[in-house]
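Computed from heavy atoms alone, side chains included, the values below leave out hydrogens, waters and symmetry copies.
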Amino acid sequence: MELVWLEDFIALAEHGSFVRAAEARHITQPAFSRRIRALEAWMGVTLFVRTPQGTSLTEAGRAMQGGALESATRLHRLREEVREVAGKAARTLQFAATHSLSFTFFPRWIRQVEKGAPIEALQLHTESMAECEQRLTQGRVHFLLSHRHPAVPTRLDPGRFESRRIAKDTLVPLIGAELSRKLGEGKDAAAGLDPEFLPADDPAVPYLAYTDASGLGRIVSHRLRSNAEFAPRAPLFSSHLAAVLMSMALENKGMAWLPLILADSEWREEQLVRALGPAWDIPVEIHVTRAKATLPAFAEAFWERLTTRD
């Protein structure tokens with residue numbers, strides 16, 4: 001049995017696809033498939049049902065899922081604790097953060113947190129939300145930074161993880177200024193439409209969407225499902241990266257719900273403008289999340305610093 005086999009099992013159970021799981025694990029699909037087969041051979045059971053539509057857990061796989069996650073987490077934590085005792089582990093705070101928070105928010109935030117008490121060392125892993133969650137659940141990072149919305153359930157077990165709000169943000173439906181003017185020219189002001197914004201039910205407005213791997217995508221999808229006025233439409237383009245959607249919007253390819261923490265300067269400079277009115281804004285929070293299990297002393301000290309500052 002190897003630790004990477006357990007991590008592969010967890011990734012495949014999460015993604016339901018050998019292709020996506022192999023990408024998340026940063027290895028080739030044939031190599032990933034061989035490791036899954038090696039795990040099944042070691043266990044002596046079939047853990048996954050393979051179909052052209054995807055992969056799902058067998059009954060044995062479902063029975064193994066919770067234990068695999070717990071075992072991988074314990075092994076990562078044990079290695080860290082032993083290395084710390086032996087003096088071989090650097091006192092490095094390990095963070096996972098989504099791309100939209102890594103570019104602008106994280107550097108400013110960590111600088112504010114360490115005022116008067118510099119942090120010895122830290123490492124930031126920038127991933128999609130799904131991959132960040134995997135890193136945290138497997139114990140490969142101490143903390144996760146992500147956007148959260150009170151109405152959108154987290155995929156992290158609240159019995160095993162806790163979070164703290166550290167900032168607020170807003171997702172705003174933005175569009176390139178040139179495309180906004182072009183689409184606005186065809187609106188019928190006599191129909192009572194607000195001349196400043198585009199109609200939410202107009203399928204002619206190209207939609208730039210987040211993929212399922214995106215935490216922001218979960219939030220936006222929840223908002224749109226709760227309002228029938230936004231006409232269902234196939235996205236013109238999809239990505240789990242808010243920065244990529246912002247680049248597409250700046251190229252006048254369509255409308256996207258973008259976090260102001262990322263797009264604020266482009267909005268102020270009017271390169272991006274509102275596509276829909278303020279009622280379509282989505283207030284969100286930025287959280288730092290950790291496992292409830294005891295962390296190394298230096299990571300616990302950092303968490304204590306967060307809970308005492310305000």
Side-chain angles (χ1 to χ4, degrees), residues 95-114 124-133 136 141 143-156 161-176 197 200 207-227 230 238-250 254-290 306-307 309-310:
F95 292 88
T98 54
H99 293 79
S100 59
L101 295 176
S102 298
F103 295 134
T104 55
F105 175 78
F106 182 83
R108 294 198 303 265
W109 172 72
I110 203 70
R111 190 163 54 245
Q112 293 170 356
V113 173
E114 66 178 352
L124 176 64
H125 305 269
T126 302
E127 311 275 6
S128 69
M129 183 61 172
E131 292 168 330
C132 285
E133 289 168 334
L136 185 66
V141 296
F143 305 105
L144 162 64
L145 265 70
S146 63
H147 285 92
R148 295 275 291 273
H149 189 285
V152 181
T154 174
R155 293 183 179 178
L156 297 171
F161 299 93
E162 60 181 312
S163 71
R164 173 178 172 79
R165 189 186 74 188
I166 54 175
K168 295 181 180 180
D169 197 3
T170 306
L171 303 181
V172 179
L174 297 175
I175 196 169
F197 307 120
Y207 176 41
L208 309 175
Y210 295 96
T211 64
D212 293 339
S214 166
L216 294 178
R218 299 175 199 169
I219 295 171
V220 173
S221 294
H222 180 274
R223 172 69 172 85
L224 297 184
R225 283 196 302 268
S226 65
N227 195 315
F230 186 84
S238 299
S239 173
H240 70 272
L241 297 175
V244 172
L245 296 188
M246 184 172 75
S247 296
M248 292 290 285
L250 286 168
M255 170 190 70
W257 267 265
L258 299 172
L260 283 186
I261 211 155
L262 178 68
D264 185 59
S265 62
E266 288 79 5
W267 190 24
R268 292 180 184 277
E269 294 169 6
E270 298 186 349
Q271 298 175 59
L272 295 173
V273 298
R274 279 188 174 279
L276 309 178
W280 288 93
D281 290 359
I282 307 174
V284 291
E285 301 172 345
I286 299 172
H287 280 232
V288 58
T289 306
R290 57 159 291 179
L306 290 184
T307 57
R309 70 187 294 268
D310 271 330

Practice task
Could you check Lys168 against Glu285 for salt bridge (charged side-chain N to carboxylate O under 4.0 Å, His left out), going step by step and ending with a plain yes or no?
Solution key: CA-CA 4 Å; Lys168 295 181 180 180; Glu285 301 172 345; over 6 Å; no
On a heavy-atom basis, which atom in [X] and which in [Y] lie closest, and how many Å separate them?
X: Thr98; Y: Ser146; value: OG1-CA, 4.4 Å
X: Leu224; Y: Trp257; value: CD2-CH2, 3.7 Å
X: Ser102; Y: Pro107; value: O-CD, 3.5 Å
X: Ala242; Y: Leu258; value: O-CD2, 3.7 Å
X: Leu272; Y: Ala263; value: CD1-CB, 4.3 Å
X: Met129; Y: Gly215; value: CB-N, 3.2 Å

Enter the distance from [X]:[atom1] to [Y]:[atom2] here, rounded to the nearest 0.5 Å.
X: Met248; Y: Met246; atom1: CE; atom2: CE; result: 13.0 Å
X: Ile261; Y: Thr170; atom1: CD1; atom2: OG1; result: 9.5 Å
X: Ser214; Y: His240; atom1: OG; atom2: NE2; result: 8.0 Å
X: Asp169; Y: Leu260; atom1: CG; atom2: CG; result: 6.0 Å
X: Ser221; Y: Asp212; atom1: OG; atom2: CG; result: 7.0 Å
X: Leu250; Y: Leu245; atom1: CG; atom2: CG; result: 11.0 Å

Exercise for the section: Fit a plane to each ring of Phe105 and Trp109, take the angle between them on a 0 to 90° scale, and name the class: parallel (under 30°), tilted (30 to 60°) or perpendicular (over 60°). Expected result: parallel
Exercise for the section: Fit a plane to each ring of His222 and His149, take the angle between them on a 0 to 90° scale, and name the class: parallel (under 30°), tilted (30 to 60°) or perpendicular (over 60°). Expected result: tilted
Exercise for the section: Look at Glu114 together with Arg108 and state whether they make a salt bridge at an N to O cut-off of under 4.0 Å. Expected result: no
Check whether any side-chain heavy atom of [X] sits under 4.5 Å from a side-chain heavy atom of [Y], and report yes or no.
X: Leu101; Y: His147; value: yes
X: Phe161; Y: Leu136; value: yes
X: Glu162; Y: Thr289; value: no

Exercise for the section: Classify the side-chain pair His125/Glu127 by whether it contains a donor and acceptor separated by less than 3.5 Å. Expected result: no
Practice task
Find out whether the Lys NZ or Arg CZ of Arg223 is both under 6.0 angstrom from the six-membered ring centre of Trp280 and within 45° of the ring's axis.
Solution key: yes
